[in-house]
Amino acid sequence: MADYLQLFCGIALVFVAVYYYLISSFDFWICRGVPGPDPISVFGNTKDILFGRLQVGVFLRRLYEKYKNEPLIGIFIRRSPNVVVCDMDLIKDVLIKDFSVFDDRGIVFNEKVEPLAQHMFNLEAERWRPLRTRLSPVFTFGEVKQLFHLIMECSEQLEKYLEKLEEKGEPIECREVAARFTTDVIGSCAFGINMNALSNEESEFRRMGKMAFSTSLKNFLKLPFRESLPKLYFFMMSLRPYPYITSFFIRVVSDTIKYREENNVIRPDFVNMLIELKNHPEKLQDVEITDNLLTAQAFGFFLGGFETSSITICHALYEMALNPQMQDKLRAEIKALSKKNNGSFQHDDLKEMKYLDKVFKETLRKYPPGTVLMRKCNREYTFRNTKVTIPKGTGISIPVYALHHDPSIYPNPEVFDPERFNDDAVAARHPMSFLPFGDGPRNCIAARFGTYQTKVGLIKTLENFNFSVCERTMIPYECDPRSIIYSPKRGIYLKISKVKQCAET
């Protein structure tokens, strides 16, 4: 009997020790006088996110509204303290003024196990900074302008694809159509490869894109497992061969670089810049240039380039279908410019399309693909005009989705209203109130390119086609709680029809 009692006491002691370890940090924000919700053991404040009940941006929006007017909100991601920065002046400090303190996103990865994860979005500051400097020239105004004709060529294929879909007389799934278009654009402009996503229903590149952003249970569980038990996760992953998507991109990028070098092919694109880095590693100072590091940059550009733009096109078409008067106004602007240029569009024409720009920005306000910006401080930091000091390694969350839906900034935020982006209205708002591409040195490197391909995609879909709701249209809109980016829970199905051409008088 005494032996059983000793065993029971031992087990109880272990449970108490584990429980104490899990909650030992939970006085972190109380000691600093920062308000926030009460955490629970194991999950902290993120149980609904970990169980796939809430998308992270929606979760942060609820906190933002509950603790209205609080500059900082203290939460716990499992047992790690994380501060949600709500005050826009403090957000500007984090992203711009004091960027040197917050130059890391704090994303956990192991390049030996996940070689494609070492792209610029994830990289620590030491490697991110020189890579950003060397790759930025690919996305300057002049370089992107040179690629405009390639985007237009892909848009012509998009128009032909839409004609085939319209002839079937069935609702179309807009997200898939847009994703095929942006996949082809990325292939042509960044890699010099025809990915055939629009012309080939079985395009392997499109399949890779679906795999990368799949919200399957397996993919959904990977992130919390990796962040909670990184050593165990990476050990288990090291026991298996690379996933097919990893092997596929390593082979594609390697073959493309080899072909260009052997045939002296030079194009002003992303792959050409990677070749330059490979042949001149001294340009990156102390950064070790490996084939996997170069491939990871191409992979990161592929993922960021096709998915965020395609989902923005999808959301814009959804709103145009719900607001036919706006669709008519936008189409009139498109057709007026088309008529002026004898049916063609040039790079500089986009500047003249003021209403298209407003629709584009309002879509990004209401449906920002990235709903939160993440940072990690690299040394002790005290927030300006507060007594709150955080230690090195504390995580930072900037609630983009919440800011974009704050009624004190954007009245009636659930209403789609492009006029919010009139020049006077924009000038009256705080610059940190609109952050679809982030801000500061670590903003989206390809924002200009993404803007162009999205606008061109909208021009070609709306110039000669009308989109309207149908029985399969998701009303009201629901976001996918498992998705990393803000995306629909189900497909966006719309009815497509040809625009009636008016006879000229």
Side-chain angles (χ1 to χ4, degrees), residues 25-39 44-46 48-49 54-106 365-366 368 370-411 413 420 425-443 486:
S25 63
F26 283 177
D27 63 347
F28 185 92
W29 294 119
I30 295 175
C31 294
R32 288 166 173 78
V34 178
D38 293 332
N45 300 112
T46 58
D48 287 339
I49 298 173
L54 278 181
Q55 206 272 346
V56 60
V58 177
F59 164 75
L60 291 178
R61 180 185 178 184
R62 292 185 180 182
L63 286 182
Y64 181 93
E65 293 171 348
K66 180 178 180 180
Y67 296 92
K68 186 65 177 171
N69 299 322
E70 292 289 350
L72 304 168
I73 304 170
I75 63 171
F76 293 87
I77 299 176
R78 290 170 293 281
R79 64 184 303 272
S80 299
N82 186 287
V83 60
V84 183
V85 183
C86 302
D87 180 87
M88 287 183 282
D89 288 329
L90 298 184
I91 290 173
K92 187 174 182 179
D93 289 347
V94 170
L95 295 181
I96 302 173
K97 181 175 177 289
D98 296 324
F99 172 75
S100 61
V101 183
F102 304 99
D103 55 8
D104 194 346
R105 285 197 170 95
R365 180 205 65 83
K366 190 174 179 181
T371 59
V372 58
L373 299 176
M374 300 177 297
R375 296 291 188 269
K376 183 177 75 171
C377 64
N378 58 36
R379 60 178 180 267
E380 185 177 86
Y381 180 82
T382 301
F383 288 98
R384 181 162 52 104
N385 298 327
T386 77
K387 297 180 180 180
V388 179
T389 299
I390 55 175
K392 176 182 178 180
T394 303
I396 311 292
S397 294
I398 296 171
V400 174
Y401 182 76
L403 290 168
H404 287 194
H405 288 77
D406 184 339
S408 67
I409 304 172
Y410 301 100
R420 299 182 198 274
V426 172
R429 290 194 292 264
H430 195 290
M432 296 296 106
S433 64
F434 185 63
L435 295 169
F437 299 109
D439 209 327
R442 201 149 187 173
N443 68 342
Y486 195 78

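When a residue number appears, it is its place in the shown sequence, counting from 1.
Separation of atoms CG (Asn45) and CD1 (Ile77) is listed at 9.0 Å; rounding is to 0.5 Å. Separation of atoms NZ (Lys392) and CD (Glu380) is listed at 11.5 Å; rounding is to 0.5 Å. In this structure, OG1 in Thr394 is found 10.0 Å from NZ in Lys376, a value given to the nearest 0.5 Å.
In this pair, Phe383 and Tyr381 present their aromatic rings perpendicular. The plane angle is above 60°, beyond the 30 to 60° band. In this structure, Phe434 and His404 have parallel ring planes: the angle between them is below the 30° cut-off, well short of the 60° mark.
Between Cys86 and Ile91, the closest heavy-atom pair is O-CD1, 4.0 Å. Pro399 approaches Leu60 most closely through the heavy-atom pair CB-CB, 4.0 Å. Of all heavy-atom pairs between Ile409 and Ser433, the closest is CG2-CB, 3.7 Å. Pairing each heavy atom of Val400 with each of Pro368, the nearest pair is CG1-CB, 4.2 Å. Heavy atoms only, all atoms of each residue included: Leu435 and Asp439 are closest at CD2-CB, 3.9 Å. For the pair Asp104 and Arg442, the tightest heavy-atom approach, listed with the atom from each and the gap, is CA-NH1, 3.7 Å.
Within the 3.5 Å criterion, the main-chain N or O of Phe99 finds no donor-acceptor partner in the side chain of Arg375. Checking side-chain atoms of Arg32 against main-chain N and O of Thr389 turns up a donor-acceptor pair under 3.5 Å.
At least one side-chain heavy atom of Trp29 sits under 4.5 Å from a side-chain heavy atom of Ile390. Considering only heavy atoms from C-beta on, Phe102 comes within 4.5 Å of Ile396 through its side chain. Within the 4.5 Å cutoff, the side chain of Pro39 has no heavy atoms near those of the Arg79 side chain. When side chains are defined from C-beta on, Met432 does not count as touching Leu403, because their heavy atoms never get closer than 4.5 Å.
Of the candidates Asp93, Asp89, Asp98, Asp87, Arg384 forms a side-chain hydrogen bond (donor to acceptor under 3.5 Å, both in side chains) with just one, namely Asp93. The side chain to side chain contact (heavy atoms under 4.5 Å, CB included) test with Lys92 is passed by exactly one of Leu95, Ile96, Leu90: Ile96.
Looking at residues two or more places apart in sequence or on another chain, you find no salt bridge (charged side-chain N to carboxylate O under 4.0 Å, His left out) involving Arg105. Taking the salt bridge (charged side-chain N to carboxylate O under 4.0 Å, His left out) definition, one finds that Arg429 meets it with nothing, sequence neighbours left out.
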inquiry  = Between Val101 and Asn378, is the side-chain contact (heavy atoms from CB on, under 4.5 Å) condition met? List the steps.
reply    = CA-CA 5 Å; Val101 183; Asn378 58 36; 4.1 Å; yes
message = Working note: Phe26 + Asp38, criterion side-chain contact (heavy atoms from CB on, under 4.5 Å); need CA distance, chi angles, decisive distance, verdict.
response = CA-CA 9 Å; Phe26 283 177; Asp38 293 332; over 6 Å; no
inquiry  = Go through it in stages, so that I can follow the logic: the residues are Arg62 and Leu54, the test is side-chain contact (heavy atoms from CB on, under 4.5 Å), and I'd like the CA-CA distance, side-chain angles, deciding distance and then a yes or no.
reply    = CA-CA 10 Å; Arg62 292 185 180 182; Leu54 278 181; 3.6 Å; yes
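Geometrically, Arg365 engages Tyr410 in a cation-pi contact defined by less than 6.0 Å to the ring centre and at most 45° from the axis.
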Can you give me every donor-acceptor pair (side chain of residues 67-76, partner residue at least two apart or in another chain, under 3.5 Å) with its distance?
residue : atom : partner : partner atom : Å
Tyr67   : OH   : Gly36   : O            : 3.2
Lys68   : NZ   : Asp406  : OD1          : 2.9
Lys68   : NZ   : Asp406  : OD2          : 2.7

